**Q** 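Okay, here's the structure, questions in a sec.
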Amino acid sequence: MGRGLLVTEWIERSGGAERVVEAMGRAFPDANIHCLWTDAPERFEAGRVRESWLARTPLRRHKALALPFMIPTWRAVRSPDDPDWMLVSSHAFAHHAKVARAPLPKYVYVHTPARYIWDPDFDDRGRNLAARLASPALRTLDRRRAQEATAIAANSAFVQQRIRRTWDRDAVVIHPPVAVTALREQEEWGTRVTDDEERRVLDALPPVFVLGASRFIPYKRLDLVLEAAARLGIPAVVAGRGPEEARLRALAETLSIPVQIIISPSDALLYALMQRSAAFVFPAVEDFGIIPVEAQALGTPVVTGPIGGQLETFTPGVSGIIAASTDPADLASSLGAAIDLPPFDADAVTRRFGEDRFADQIRNFVGRDTIGA
């Protein structure tokens with residue numbers, strides 16, 4: 001199929017999009033990677049990742065301010081080799097990418113069309129005055145650039161429908177890769193926790209608790225995890241980091257249940273929390289939702305609201321419960337039902353999200369039109 005170029009927005013130290021690009025890198029080991037900037041150079045071997053000029057400016061620390069410069073930057077992608085095709089991982093504007101020379105076949109894996117211009121109800125960044133004023137023109141441009149893609153894959157049927165509505169394009173569904181086999185191979189993740197402070201956190205956990213974990217940002221709605229647990233009268237743990245930390249701590253002080261807020265847990269500690277929790281609560285409207293799959297791989301049932309791609313990640317009544325709404329009362333009722341679910345076969349529930357399956361599907365997605373290129 002010739003030599004490829006992998007393109008992604010930016011590379012952070014953690015995140016679902018980063019895991020997808022890593023899996024793409026393993027599926028196409030000869031492909032170089034282009035991004036706006038990387039904050040995790042250790043993720044890939046030296047020399048494989050090429051950054052844009054934005055990486056050398058303070059704008060890399062301010063995505064909102066960098067936005068006006070991103071779109072023209074994507075129109076002049078340069079590659080150190082001479083690729084035959086490119087595979088783009090896009091959740092903002094990376095699908096606008098165009099190499100400086102003649103256009104290449106462009107295969108786009110879409111986490112979502114940029115929510116802050118297409119679905120601002122699901123993204124606070126789209127609600128400010130500047131975003132509202134710029135959105136009509138950005139939507140027109142974004143839809144036009146989406147027509148350049150040779151083919152489009154969506155990370156969920158939920159996003160597939162959004163692509164059809166926003167870009168008027170069809171897409172195949174390829175669910176993101178989740179390291180379910182590696183998660184299942186570790187019988188007790190608590191034994192992998194070696195940091196003394198994290199060991200103390202683990203040892204202090206109540207025997208029964210519910211867990212929420214994500215970035216501490218508004219749309220993840222971790223406050224609803226705490227409020228639902230309080231209604232049920234069961235201790236709660238939330239793990240992650242972000243600007244909502246102070247608000248979550250203030251809310252925890254008002255509740256009648258024990259609440260533990262764990263900042264930036266290691267992978268081992270996070271997976272140990274999942275293993276030990278009675279249920280994993282995920283109130284966000286998510287494009288897919290890798291972390292609920294991880295919880296199920298570790299034998300923990302999930303509770304989510306009634307809208308979003310995360311509904312595709314579990315079997316209702318078997319490995320999770322769909323709440324009627326994200327109102328704390330409805331979440332609490334579903335949380336109680338999830339805790340009462342019988343043990344389920346985690347392998348059967350999660351094997352369809354493994355990385356081998358993703359690698360086969362993403363190679364077929366690109367290879368069907370590039371073989372012989």
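These numbers come from a predicted model, not from an experiment.
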**Q** Leu202 and Arg276: side chain to side chain contact (heavy atoms under 4.5 Å, CB included), yes or no, with the steps?
**A** CA-CA 10 Å; Leu202 205 55; Arg276 297 188 184 190; 3.5 Å; yes
**Q** For Ala55, does its backbone N or O pair with a side-chain atom of Arg60 as donor and acceptor, under 3.5 Å?
**A** yes
**Q** Does a side chain donor of either Thr112 or Arg162 reach within less than 3.5 Å of an acceptor in the other side chain?
**A** yes
**Q** Does the distance from a Lys or Arg side-chain N to an Asp or Glu carboxylate O, for Arg75 and Glu148, drop under 4.0 Å?
**A** yes
**Q** When the ring centroid of Trp74 is compared with that of Phe69, is the distance short of 6.0 Å?
**A** no
**Q** Drop me the distance from Glu12's CD to Arg43's CZ, to the nearest 0.5 angstrom.
**A** 9.0 Å
**Q** Enter the distance from Trp85:CH2 to Tyr107:OH here, rounded to the nearest 0.5 Å.
**A** 9.0 Å
**Q** In terms of hydrophobic clusters joined by side-chain contacts under 4.5 Å, are Leu54 and Val99 together?
**A** yes
**Q** Between Asp142 and Thr166, is any pair of side-chain heavy atoms under 4.5 Å apart?
**A** no
**Q** Judged by modelled atom types alone, do His96 and Arg145 share a side-chain donor-acceptor pair under 3.5 Å?
**A** yes
**Q** With a 3.5 Å cut-off and no angle check, do the side chains of Thr350 and Gln296 form a donor-acceptor pair?
**A** no
**Q** Any sub-3.5 Å donor-acceptor pair from Arg139's side-chain atoms to Ile117's backbone N or O?
**A** yes
**Q** Are Glu312 and His175 linked by a side-chain donor-acceptor pair shorter than 3.5 Å?
**A** yes
**Q** If we count only N and O atoms by modelled type, under 3.5 Å, do the side chains of Glu198 and Ser266 hold a donor and an acceptor together?
**A** yes
**Q** With distance as the sole test, does Thr313 use its side chain to make a donor-acceptor pair with the main-chain N or O of Gln310 at under 3.5 Å?
**A** yes
**Q** So do the side chains of Ile163 and Gln160 get within less than 4.5 Å of each other, counting heavy atoms only?
**A** no
**Q** Any link between Ile217 and Phe288 through a network of hydrophobic side chains (Ile, Leu, Val, Met, Phe, Trp, Tyr) touching at under 4.5 Å?
**A** no
**Q** Any side-chain donor paired with an acceptor under 3.5 Å for Ser79 and Asp81?
**A** yes
**Q** Donor-acceptor check, side chain of Glu286 to backbone of Pro283, threshold 3.5 angstrom: yes or no?
**A** no
**Q** Flag the pair Glu227 and Arg231 as a salt bridge only when some basic side-chain nitrogen lies within less than 4.0 angstrom of an acidic carboxylate oxygen.
**A** no
**Q** I'd like to know if Arg26 pairs up with Glu355 as an ion pair, taking the criterion as any Lys NZ or Arg NE/NH1/NH2 lying under 4.0 Å from an Asp or Glu carboxylate oxygen.
**A** yes
**Q** Does Asp347 pair with Arg352 as a salt bridge, N-O distance under 4.0 Å?
**A** no
**Q** Same cluster or not: are Val303 and Val225 linked, directly or through other Ile, Leu, Val, Met, Phe, Trp or Tyr residues, by side-chain heavy atoms under 4.5 angstrom apart?
**A** yes
**Q** Does some side-chain heavy atom of Val349 sit less than 4.5 Å from a side-chain heavy atom of Ser319?
**A** yes
**Q** Are Arg3 and Phe28 in a cation-pi setup, meaning NZ or CZ lies under 6.0 angstrom from the ring centre and within 45 degrees of the ring axis?
**A** no
**Q** For Phe282, enumerate each residue passing the ring pair (Phe, Tyr, Trp, His ring centres under 6.0 Å) test, keeping only those at least two apart in sequence or located in another chain.
**A** none
**Q** Taking Glu9 for the side chain and Phe93 for the main chain, is one N or O donor matched with an acceptor at less than 3.5 Å?
**A** yes
**Q** Hydrogens and angles aside, do Thr73 and Trp53 bring a side-chain donor and acceptor to less than 3.5 Å of each other?
**A** yes
**Q** Please confirm whether the backbone N or O of Asp330 pairs with a side-chain atom of Ser333, one donor and one acceptor, at under 3.5 Å?
**A** no
**Q** Within the side chain of Ser277, is there an N or O that forms a donor-acceptor pair under 3.5 Å with the backbone of Phe209?
**A** no
**Q** Does the distance from a Lys or Arg side-chain N to an Asp or Glu carboxylate O, for Asp195 and Arg199, drop under 4.0 Å?
**A** no
**Q** Would you say the side-chain atoms of Asp119 pair up with the backbone N or O of Arg115, donor to acceptor, closer than 3.5 Å?
**A** no
**Q** Ser52 side chain to Leu36 main-chain N or O, any donor-acceptor pair under 3.5 Å?
**A** yes
**Q** Could you go through the side chain to side chain contact (heavy atoms under 4.5 Å, CB included) check for Ile11 and Asp39 one step at a time?
**A** CA-CA 6 Å; Ile11 301 173; Asp39 291 327; over 6 Å; no
**Q** With no hydrogens and no angle check, do the side chains of Asp267 and Trp189 hold a donor and an acceptor under 3.5 Å apart?
**A** no
**Q** Run the side chain to side chain contact (heavy atoms under 4.5 Å, CB included) test against Arg247 and tell me which residues pass, sequence neighbours left out.
**A** Asp223, Glu244
**Q** Following the transitive rule for hydrophobic clusters with a side-chain heavy-atom cut-off under 4.5 Å over Ile, Leu, Val, Met, Phe, Trp and Tyr, establish whether Val302 and Phe353 coincide in one cluster.
**A** no
**Q** Could you go through Leu341 and Val318, starting from their C-alpha distance and side-chain angles, then the distance that decides it, and tell me whether this counts as side chain to side chain contact (heavy atoms under 4.5 Å, CB included)?
**A** CA-CA 7 Å; Leu341 286 173; Val318 176; over 6 Å; no
**Q** Is the backbone of Ala31 close enough, under 3.5 Å, to the side chain of Arg48 for a donor and an acceptor to pair up by distance?
**A** yes
**Q** Is there a side-chain contact between Tyr219 and Val285 (heavy atoms, below 4.5 Å)?
**A** no
**Q** Of Leu87, Ile33, Val88, which is the lone residue that meets side chain to side chain contact (heavy atoms under 4.5 Å, CB included) with Val7?
**A** Val88
**Q** Do you see a donor-acceptor pair shorter than 3.5 Å between the side chains of Gln147 and Arg143?
**A** no
**Q** Can Phe314 be reached from Val173 by stepping across I, L, V, M, F, W or Y side chains whose heavy atoms are under 4.5 Å apart?
**A** no
**Q** Examine the side chains of Arg192 and Tyr271 and answer whether a donor and an acceptor come within less than 3.5 Å of each other.
**A** no
**Q** When the ring planes of Trp37 and Trp10 are compared, do they come out parallel, tilted or perpendicular, using 30° and 60° as the limits?
**A** parallel
